[in-house]
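Quick caveat, the model's predicted, so the values are computed rather than measured.
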Amino acid sequence: MSNLTPIKAIREKIIFSEELSIDGYKMPDGEYRIGLSSASKAIGYSENWVRRVLNKSGTTAKALQGLGFEGNFLEVARESNQGNSYTERTISLDDFKHLITYGVIKKKQKAIAFSTALTKIALTDFFRDAFGETQLNIDEKRKLFYQAYAESLSFEDWLEMDREDVANLVLFGEE
């Protein structure tokens, strides 16, 4: 389901580490949402994976719905660096959580690493709080995220991610 009129929202890069960020949006009502393309890429799929999967009523779409994925897409208005306007489809934080879970079930290494890193940060903060210590600041969280994320990936996973990065840099027609 998608709204008809794009909503003006505030866009920010949500930076987990130097290697991983997603497009985040703050809606006029204060809700936080995630750009569909960057959500797909963050868990190891192509940027149009969610859109393709949910345009069909196959087993993947049903599995996502079984996990609680609602697919309440909202279109947000964006402007490019050249001043052109376009829209970006977004999903809720809850739906992103379900995408991560699906990726973990499907053994997508990026999803596993993402989930592991977020869990490590949350557990650390809860334990620090229980023992009267201050919560991690954002720089400490990013460092801990990166360490846990990196430890969750094999050497082959890093090589594959590097290949994807290089492929994204290659211009059409070049080798």
Side-chain angles (χ1 to χ4, degrees), residues 11-25 32-74 76 88-128 135-172 174-175:
R11 178 184 175 269
E12 290 290 339
K13 275 282 188 215
I14 310 305
I15 300 169
F16 294 95
S17 70
E18 287 184 27
E19 288 74 21
L20 182 60
S21 64
I22 57 175
D23 293 329
Y25 296 87
Y32 296 114
R33 298 183 68 83
I34 298 166
L36 198 56
S37 299
S38 64
S40 293
K41 288 172 52 178
I43 60 168
Y45 290 98
S46 66
E47 68 180 40
N48 64 351
W49 175 76
V50 175
R51 186 174 289 117
R52 277 194 343 259
V53 163
L54 296 176
N55 283 338
K56 304 173 187 174
S57 58
T59 56
T60 302
K62 289 178 183 158
L64 283 167
Q65 291 167 349
L67 291 170
F69 187 91
E70 294 181 359
N72 293 325
F73 303 111
L74 292 178
V76 297
E88 169 103 21
R89 189 173 275 189
T90 65
I91 57 173
S92 67
L93 293 180
D94 281 338
D95 276 352
F96 184 51
K97 171 187 69 177
H98 299 308
L99 287 179
I100 295 169
T101 301
Y102 180 81
V104 169
I105 291 167
K106 292 298 180 177
K107 298 184 169 109
K108 295 293 281 187
Q109 286 308 120
K110 279 187 171 182
I112 292 168
F114 201 90
S115 178
T116 298
L118 290 176
T119 302
K120 177 106 183 208
I121 290 169
L123 287 171
T124 300
D125 265 349
F126 274 104
F127 272 75
R128 289 174 70 104
Q135 301 292 297
L136 297 172
N137 67 40
I138 193 64
D139 290 332
E140 292 169 326
K141 287 180 183 185
R142 285 187 177 122
K143 182 179 178 183
L144 185 59
F145 179 93
Y146 181 75
Q147 288 171 339
Y149 187 83
E151 289 170 0
S152 298
L153 296 172
S154 69
F155 180 72
E156 291 77 20
D157 296 327
W158 282 106
L159 287 177
E160 181 59 34
M161 288 179 358
D162 286 344
R163 281 187 210 105
E164 290 171 10
D165 289 343
V166 169
N168 289 334
L169 294 175
V170 174
L171 298 175
F172 182 74
E174 292 185 1
E175 292 185 31

Atom [atom1] of [X] and atom [atom2] of [Y]: how far apart are they, to the nearest 0.5 Å?
| X | Y | atom1 | atom2 | result |
| --- | --- | --- | --- | --- |
| L54 | I91 | CG | CD1 | 9.0 Å |
| K41 | D23 | NZ | CG | 8.5 Å |
| H98 | T101 | NE2 | OG1 | 7.0 Å |
| T60 | R52 | OG1 | CZ | 10.0 Å |
| L67 | I105 | CG | CD1 | 4.5 Å |
| L36 | L99 | CG | CG | 7.5 Å |

For residues [X] and [Y], determine if any side-chain heavy atom of one lies less than 4.5 Å from a side-chain heavy atom of the other.
| X | Y | answer |
| --- | --- | --- |
| I100 | K97 | no |
| T116 | Y149 | no |
| Y146 | E19 | yes |
| Y45 | V53 | no |

For [X], side-chain contact (heavy atoms from CB on, under 4.5 Å) partners two or more places apart:
| X | answer |
| --- | --- |
| F126 | none |
| S92 | E31, R33, D94, D95 |
| A42 | L20, I22, F96, F114 |

With a 6.0 Å cut-off (strictly less than), is the heavy-atom count around [atom1] of [X], excluding the residue itself, greater than 12?
| X | atom1 | result |
| --- | --- | --- |
| Y32 | OH | no |
| K13 | NZ | yes |
| E12 | CD | no |

Looking at every heavy atom in both [X] and [Y], which two are closest together, and how far apart are they?
| X | Y | answer |
| --- | --- | --- |
| R89 | R51 | CB-NH2, 3.8 Å |
| A117 | A148 | CA-CB, 3.7 Å |
| S40 | S46 | CB-O, 3.1 Å |

**Message:** If we ignore hydrogens and angles and just use 3.5 Å, is the side chain of T124 paired with the main-chain N or O of K120 as donor and acceptor?
**Reply:**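 Yes; judged by distance alone, with no hydrogens or angles, the pair exists.
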_Listed once per pair and sorted, the salt bridge (charged side-chain N to carboxylate O under 4.0 Å, His left out) pairs that draw on residues 136-145, sequence neighbours left out_ =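 Those involving residues 136-145 are D125-K141.
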Pairs flagged by ring-ring contact (aromatic ring centres under 6.0 Å, His included) wherever residues 50-72 is involved - sequence neighbours left out
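Sorted result for residues 50-72: empty, none.
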By ring-ring contact (aromatic ring centres under 6.0 Å, His included) - contacts of Y102 (at least two apart):
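Applying ring-ring contact (aromatic ring centres under 6.0 Å, His included) to Y102 gives W49.
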